[in-house]
Amino acid sequence: MVILDMLLVGVGLSMDAFAASLCQGLATKRIHWRNAIITAFSFGLFQAVMPLIGFALGASFAHLIEPIDHWVAFILLACVGGKMIWDAFHSSCDVTSASEDAPLDVKKLLALSVATSIDALVVGITFAMSGMDIWSAAAVIGLTTFCLSLAGYAIGNHFGARHERAASIAGGVALILLGCKILFEHLLS
């Protein structure tokens, strides 16, 4: 697989992480580059590691993973999105009382990282069947995801800082719709 093919796979796999990063950025009042980099690193790391795990599992376990990957992603994204919507209606949206330096929610970030990278696990299994260079592919996928996630966070923050409650609701709905998209794509294929 040539580098362009790996890059295209990386972009395709990173779209879920981009959307989730966009939602993370929407939920912040001002951009905290440390949090943006941690978020992008988490998404990039999981997107790079999952194909390695899939490759290690190989084709012999594909029939066990493939039937449930879409359900796991759907449940995780729906739960995180639902919580974002809940918080939008049940927490103060007064900009003066809200903390400008809210800590990064590590549990939520890890759940999103897992949910958005499950498809990369299956891709890793297909890489094992094709005998490709998994280390190069994982590096390209991880780096691509990192870059797009960082951009998504910044773009989301740019728009979210002006409309906190609406942005939180939109972000929650986007995550739920992303989970539904993943679920329906697998159910209809």
Side-chain angles (χ1 to χ4, degrees), residues 3-4 6-51 73 76-89 91-120 123 137-182:
I3 191 74
L4 181 61
M6 286 185 215
L7 187 60
L8 290 174
V9 169
V11 169
L13 289 174
S14 66
M15 285 298 105
D16 294 348
F18 174 81
S21 294
L22 191 74
C23 295
Q24 293 285 90
L26 283 170
T28 62
K29 287 181 183 33
R30 66 182 177 90
I31 196 158
H32 300 279
W33 286 106
R34 178 182 172 276
N35 289 353
I37 290 170
I38 291 170
T39 298
F41 179 79
S42 180
F43 286 129
L45 178 67
F46 275 82
Q47 286 286 0
V49 169
M50 287 297 205
L76 288 172
L77 290 170
C79 288
V80 172
K83 182 168 182 344
M84 284 178 74
I85 294 169
W86 173 268
D87 288 346
F89 288 108
S91 64
S92 172
C93 285
D94 181 13
V95 174
T96 59
S97 68
S99 171
E100 286 289 318
D101 294 316
L104 187 64
D105 187 344
V106 176
K107 288 180 186 177
K108 182 168 123 180
L109 178 59
L110 290 177
L112 286 171
S113 296
V114 169
T116 59
S117 65
I118 289 174
D119 54 348
V123 167
V140 169
I141 291 167
L143 186 59
T144 302
T145 302
F146 174 84
C147 293
L148 289 175
S149 296
L150 191 60
Y153 192 100
I155 292 166
N157 175 260
H158 177 73
F159 292 106
R162 291 164 185 76
H163 309 286
E164 180 183 1
R165 180 175 282 179
S168 185
I169 293 168
V173 169
L175 288 178
I176 292 169
L177 290 175
L178 180 60
C180 290
K181 174 189 158 283
I182 292 168

(request) Looking only at non-hydrogen atoms, find the nearest pair between Asp119 and Asp16 and report the distance. (result) OD2-OD2, 3.8 Å
(request) Grab the two heavy atoms, one from Thr39 and one from Tyr153, that are nearest each other, plus how far apart they are. (result) OG1-CE1, 3.9 Å
(message) Rounded to the nearest 0.5 Å, what separates atom CG in Leu104 from atom NE2 in His32?
(response) 10.0 Å
(request) Give, for atom OG1 of Thr144 and atom CG of Leu7, the distance between the pair rounded to the nearest 0.5 Å. (result) 5.0 Å
(request) Check Val114 against Phe46 and note the closest heavy-atom contact, atom names and distance. (result) CG2-CE2, 3.6 Å
(request) State the CD1-CG distance between Ile118 and Leu13, to the nearest 0.5 angstrom. (result) 12.5 Å
(message) Please enumerate all residues that pass side-chain hydrogen bond (donor to acceptor under 3.5 Å, both in side chains) together with Ser113, with sequence neighbours excluded.
(response) Ser42
(message) Among residues at least two apart in sequence or on other chains, which ones pass side-chain contact (heavy atoms from CB on, under 4.5 Å) with Ala151?
(response) none
(message) Using the side-chain contact (heavy atoms from CB on, under 4.5 Å) criterion, which residues pair with Thr145? Sequence neighbours excluded.
(response) Ser14, Ala17, Phe43, Gln47, Ile141, Ser149
(message) I need the minimum non-hydrogen distance between Val140 and Ile3, along with the two atoms involved.
(response) CG2-CD1, 3.5 Å
(request) Locate the shortest heavy-atom distance separating Thr116 from Ala20; write the atom from each residue and the value. (result) CG2-CB, 4.1 Å
(request) With side chain to side chain contact (heavy atoms under 4.5 Å, CB included) as the test, would you mind laying out the steps for Gln24 and Leu112 before giving the verdict? (result) CA-CA 10 Å; Gln24 293 285 90; Leu112 286 171; 3.8 Å; yes
(message) Could you check whether any side-chain heavy atom of Leu109 comes within less than 4.5 Å of a side-chain heavy atom of Asp105, counting everything from C-beta outward?
(response) no
(message) Holding to side-chain contact (heavy atoms from CB on, under 4.5 Å), I want the full list of residues that pass it with Leu45, two or more places apart in sequence or in another chain.
(response) Phe41, Val49
